Chemist: 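Can you keep this structure in mind? I'll have questions shortly.
Nothing here was measured: the structure is a model prediction, and the numbers come from that model. Only heavy atoms go into these numbers, but all of them, side chains included; no hydrogens, no water, no symmetry mates.
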Amino acid sequence: MDPLLKVHESHKNGLLPDKIYHTITERFPVVLAGIDRIEKASGINFPIAYVEPSIVLSQSHSSTDLGILFARTTPVITAEKLEIIIQITAPLVAFGLKGTIHAILAHEFLHYLELSRRISKMEILSDEISGNLFESAYSDATRLFDPRAVFSDKTLLLHITKKFPEGFRDYKLEDKVVKFWIEKNLPTIKIALDTNIIKIPTDILAKTRIEQKLESKLGELEQKMSKLRKKKYY
């Protein structure tokens, strides 16, 4: 699958202006470089990923808080089995700095690893995300592998540490998205966190198999995580 397929289609259908379209396609190699960097730093293949030609906005029904989601890791059911796909938003590609893009890709990769671990252990019958943006950021961090156990790239680790201390925020990037995307009425997807619930049928989960190589790597990462936790206590 061409990761830019939906971007090409949106441009062809007149939803993306020429300037934005060319910016996305010209800067996409930064994403590819990030994926290659993550694979080398972890020794694990990156999952299927594609560029969504929209910005994704999330809001709680009980709050006026509005969050911009620059990427999402989503389990989808294809051919009666579970597949984990990373969705990268076009504004991130168009306006994000190299370090920001790589940090977000690495963060979503950690989600991919955690979901894969839970699938392998049959722990993902349902996964509810909190409707509150702050609580969501907190639970988001507690569900992930420690990046120090996953990545050998020190610069990449520094990017992740700076960008995700308590949930991702990049005010300059957000300002650009508001000014050059949202206020230009470019494609936008709005989701309510209160209804953002993943429910996986048990029969689909039973048919899903994690590759042996990945499962072995996940076991190694869990051991590294255990050692890192012990270091915190001593």
Chemist: List the atom of Ala90, the atom of Pro53, and the distance in Å for their closest heavy-atom pair.
Modeler: CB-CA, 3.8 Å

Chemist: With hydrophobic residues grouped by side-chain heavy-atom distances under 4.5 Å, do Val177 and Phe180 end up in a single group?
Modeler: yes

Chemist: Please check: side-chain N/O of Ser152 versus main-chain N/O of Ala41, any donor-acceptor pairing under 3.5 Å?
Modeler: yes

Chemist: Could you grab the distance from atom CG of Leu186 to atom OG1 of Thr188, nearest 0.5 Å is fine?
Modeler: 7.5 Å

Chemist: Minimum heavy-atom separation for His102 and Ile38, please, with both atom names.
Modeler: O-CD1, 4.2 Å

Chemist: So do Pro187 and Trp181 actually touch side chain to side chain, heavy atoms under 4.5 Å?
Modeler: yes

Chemist: Under the criterion side chain to side chain contact (heavy atoms under 4.5 Å, CB included), I'd like the reasoning laid out for Leu15 against Glu9: C-alpha separation, chi angles, the key distance, then a yes or no.
Modeler: CA-CA 9 Å; Leu15 298 175; Glu9 290 176 346; over 6 Å; no

Chemist: Closest heavy-atom contact between Ala149 and Leu221?
Modeler: O-CD2, 3.0 Å

Chemist: Give the intermediate values and the outcome of side chain to side chain contact (heavy atoms under 4.5 Å, CB included) for residues His11 and Asp18.
Modeler: CA-CA 7 Å; His11 177 248; Asp18 291 344; 2.7 Å; yes

Chemist: Could you check whether any side-chain heavy atom of Lys224 comes within less than 4.5 Å of a side-chain heavy atom of Phe145, counting everything from C-beta outward?
Modeler: no

Chemist: With a 4.5 Å limit on heavy-atom distance, are the side chains of Leu69 and Leu57 in contact?
Modeler: no

Chemist: Looking at NZ of Lys98 and CD1 of Ile101, how far apart are the two atoms once the value is rounded to the nearest 0.5 Å?
Modeler: 10.5 Å

Chemist: Got a second to check how far Arg72's CZ is from Glu52's CD, nearest 0.5 Å?
Modeler: 8.0 Å

Chemist: Can you find a heavy atom in the side chain of Ile86 that is under 4.5 Å from one in the side chain of Tyr50?
Modeler: no

Chemist: Can you check whether Phe109 reaches Ile44 side chain to side chain, under 4.5 Å on heavy atoms?
Modeler: yes

Chemist: Should we say atom CD of Glu211 is surrounded by more than 12 heavy atoms from elsewhere, each under 6.0 Å from it?
Modeler: no

Chemist: Check whether any side-chain heavy atom of Leu157 sits under 4.5 Å from a side-chain heavy atom of His159, and report yes or no.
Modeler: no

Chemist: Looking at Gly96, is its backbone amide N or carbonyl O close enough to the side chain of Thr100 to form a donor-acceptor pair, meaning the two atoms are under 3.5 Å apart?
Modeler: no

Chemist: Side-chain heavy atoms under 4.5 angstrom apart, residues restricted to Ile, Leu, Val, Met, Phe, Trp, Tyr: same cluster for Val30 and Leu4?
Modeler: yes

Chemist: Does a side-chain heavy-atom distance below 4.5 Å link Leu214 with Leu113?
Modeler: yes

Chemist: Decide, yes or no, whether a salt bridge links Arg117 with Glu114 under the criterion of side-chain N to carboxylate O below 4.0 Å.
Modeler: yes

Chemist: Please lay out, stage by stage, how Phe70 and Ile88 fare under the test side chain to side chain contact (heavy atoms under 4.5 Å, CB included).
Modeler: CA-CA 6 Å; Phe70 290 103; Ile88 306 159; over 6 Å; no

Chemist: Can you confirm whether Ile84 sits close enough to Thr74 that some side-chain heavy atom of one is under 4.5 Å from a side-chain heavy atom of the other?
Modeler: no

Chemist: Does Lys172 have any side-chain contact (heavy atoms from CB on, under 4.5 Å) partners at least two apart in sequence or in another chain, and if so, which?
Modeler: Asp170

Chemist: State plainly whether the residues Asp36 and Lys40 are in salt-bridge range, i.e. N to O under 4.0 Å.
Modeler: yes

Chemist: Give a yes or no answer on whether the side chain of Ser216 reaches the backbone of Gln212 with a donor-acceptor pair at less than 3.5 Å.
Modeler: no

Chemist: Going from CG on Asn45 to NZ on Lys217, what distance comes out if it is rounded to the nearest 0.5 angstrom?
Modeler: 10.5 Å

Chemist: Determine whether Ile189 and Ile55 satisfy the following criterion, side chain to side chain contact (heavy atoms under 4.5 Å, CB included), listing intermediate values before the conclusion.
Modeler: CA-CA 6 Å; Ile189 297 172; Ile55 190 61; over 6 Å; no

Chemist: Find out if a path of hydrophobic residues (ILVMFWY) with successive side-chain heavy-atom gaps under 4.5 Å connects Leu32 to Ile104.
Modeler: yes

Chemist: Compare every heavy atom of Ile24 with every heavy atom of Val7, then report the nearest pair and how far apart it is.
Modeler: CG1-CG2, 4.1 Å

Chemist: Are Val178 and Val93 joined in one hydrophobic group, where the rule is that I, L, V, M, F, W and Y side chains link up if heavy atoms are under 4.5 Å apart?
Modeler: yes

Chemist: Say whether Glu108 and Thr73, considering side chains only, have a donor N or O and an acceptor N or O under 3.5 Å apart.
Modeler: yes

Chemist: Using 0.5 Å steps for rounding, measure from the CG atom of Leu16 to the OG atom of Ser10.
Modeler: 5.0 Å

Chemist: Search all heavy atoms of Val56 against all heavy atoms of Gln87 and return the closest pair with its distance.
Modeler: CG2-OE1, 3.8 Å

Chemist: Could you report the tightest heavy-atom contact between Arg27 and Leu92, atom names first, then the distance?
Modeler: NH1-O, 4.3 Å

Chemist: Hydrophobic cluster membership, with links at side-chain heavy-atom distances under 4.5 Å among I/L/V/M/F/W/Y: are Tyr21 and Ile182 in one?
Modeler: yes

Chemist: Please check if the side chain of Thr23 supplies one atom and the backbone of Lys19 the other of a donor-acceptor pair under 3.5 Å.
Modeler: yes

